[in-house]
A.B. asks: 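Mind looking over this structure? Questions follow.
Bear in mind that the values here come from a model prediction, so they are computed numbers and not experimental data.
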Amino acid sequence: MSTDTTLEARPTVRADIALGVFRIVVALLFMMHGTAKLAGWPQGSPAPLGAWPMWWAGALEIVLGGLIAIGLLTRPAAFLASGMMAVAYFWMHFPDGFWPLVNGGETAVLYCFGFLLLVATGPGAFAVTRRI
């Protein structure tokens, strides 16, 4: 057994690729919430221009999701997106009950903690910042 902990602390190539795929998929799904709010695509009707908070939330979901998807400024964008989802949970879902399954807030909680994971780990593979 080696006493060198640098190899143990370094993620494997497969883990790095899995994290990169996770980042891209979560970010694209997050962006889709924004396109639903701003353009009514793939479902719903668009929020009126500048309407608080829906239109602004949609704009942030598209911008932050795009940054996270391409792997540019991933940690700060994921931090903001995580905070945004925490606020969404407590403003929109928590008043309807404590448990996310009951109050419809599961998606907000999952996004919140998924983005926190990216804050802690970084973007993983396939990130633009790795090319710069």
Side-chain angles (χ1 to χ4, degrees):
M1 178 175 254
S2 172
T3 58
D4 183 14
T5 59
T6 57
L7 289 177
E8 294 169 7
R10 197 170 35 195
T12 66
V13 172
R14 285 183 296 190
D16 200 43
I17 290 170
L19 183 62
V21 171
F22 172 82
R23 172 185 48 82
I24 293 166
V25 170
V26 168
L28 291 176
L29 290 171
F30 191 63
M31 286 178 67
M32 196 178 302
H33 284 275
T35 62
K37 288 178 181 80
L38 295 186
W41 184 87
Q43 73 172 17
S45 56
L49 182 65
W52 177 260
M54 295 306 282
W55 190 89
W56 294 98
L60 283 171
E61 287 164 353
I62 290 172
V63 171
L64 295 173
L67 288 171
I68 294 166
I70 65 172
L72 180 64
L73 301 172
T74 303
R75 282 187 161 122
F79 182 76
L80 290 173
S82 177
M84 183 179 155
M85 290 294 94
V87 168
Y89 179 77
F90 285 106
W91 279 8
M92 304 303 291
H93 301 286
F94 190 74
D96 295 331
F98 178 78
W99 301 108
L101 184 63
V102 175
N103 66 26
E106 282 181 286
T107 306
V109 172
L110 286 170
Y111 277 122
C112 180
F113 283 92
F115 289 134
L116 275 179
L117 174 68
L118 294 175
V119 172
T121 62
F126 315 118
V128 168
T129 54
R130 292 202 169 177
R131 305 270 184 227
I132 297 174

A.B. asks: Output yes when a side-chain donor or acceptor of Arg23 lies under 3.5 Å from a complementary backbone atom of Phe126, and no otherwise.
C.D. replies: yes
A.B. asks: Would you give the length of the straight line joining atom CE of Met85 to atom CG of Leu116, rounded to the nearest 0.5 angstrom?
C.D. replies: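 Atom-to-atom, Met85:CE and Leu116:CG are 12.0 Å apart.
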A.B. asks: Side chains of Thr35 and Met32, heavy atoms from C-beta outward: is any pair under 4.5 Å?
C.D. replies: yes
A.B. asks: Do Leu49 and Trp56 belong together in a cluster built from hydrophobic side chains that touch within less than 4.5 Å?
C.D. replies: yes
A.B. asks: Establish whether Met54 and Ile62 are linked, either directly or via other cluster members, by ILVMFWY side-chain heavy-atom contacts under 4.5 Å.
C.D. replies: no
A.B. asks: Are Tyr89 and Met84 connected in the hydrophobic side-chain network, where two residues link if heavy atoms are under 4.5 Å apart?
C.D. replies: no
A.B. asks: Taking the side chain as everything from C-beta on, heavy atoms only, tell me whether Asp96 gets closer than 4.5 Å to Val102.
C.D. replies: no
A.B. asks: With heavy-atom distances below 4.5 Å as the criterion, would you say the side chains of Phe30 and Ile68 are in contact?
C.D. replies: no
A.B. asks: Same hydrophobic cluster for Val87 and Met92, using side-chain heavy-atom links shorter than 4.5 Å among ILVMFWY?
C.D. replies: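 Yes; tracing contacts between hydrophobic side chains, which count when under 4.5 Å, links both residues.
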A.B. asks: Decide if atom CH2 of Trp55 counts as having more than 12 heavy atoms of other residues, nucleotides or ligands within a radius under 6.0 Å.
C.D. replies: yes
A.B. asks: Any side-chain heavy-atom pair from Thr107 and His33 closer than 4.5 angstrom?
C.D. replies: yes
A.B. asks: With the side chain counted from C-beta on, respond yes when Leu117 and Phe113 share a heavy-atom pair under 4.5 Å apart, and no when they do not.
C.D. replies: no
A.B. asks: Does Leu118 reach the side chain of Leu19, with side-chain heavy atoms less than 4.5 Å apart?
C.D. replies: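 Touching, per the 4.5 Å side-chain cut-off.
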A.B. asks: Verify the cluster assignment for Leu80 and Leu28: are they in a single hydrophobic cluster under the rule of side-chain heavy atoms below 4.5 Å apart?
C.D. replies: yes
A.B. asks: Hey, could you give me the CZ/CD1 distance between Arg131 and Ile70, rounded to the nearest 0.5 Å?
C.D. replies: 13.0 Å
A.B. asks: Looking at side-chain heavy atoms only, is the closest gap between Thr129 and Leu72 below 4.5 Å?
C.D. replies: yes
A.B. asks: As an exercise, state the distance from CH2 of Trp99 to CD of Glu106, rounded to the nearest 0.5 Å.
C.D. replies: 12.5 Å
A.B. asks: Enter the distance from Thr121:OG1 to Arg75:CZ here, rounded to the nearest 0.5 Å.
C.D. replies: 6.5 Å
A.B. asks: Ring-plane angle category for Phe115 and Tyr111, please: parallel below 30°, perpendicular beyond 60°, tilted otherwise.
C.D. replies: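 Correct class here is parallel.
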A.B. asks: Taking all non-hydrogen atoms of both residues into account, name the closest pair between Ser82 and Cys112 and its distance.
C.D. replies: OG-O, 3.0 Å
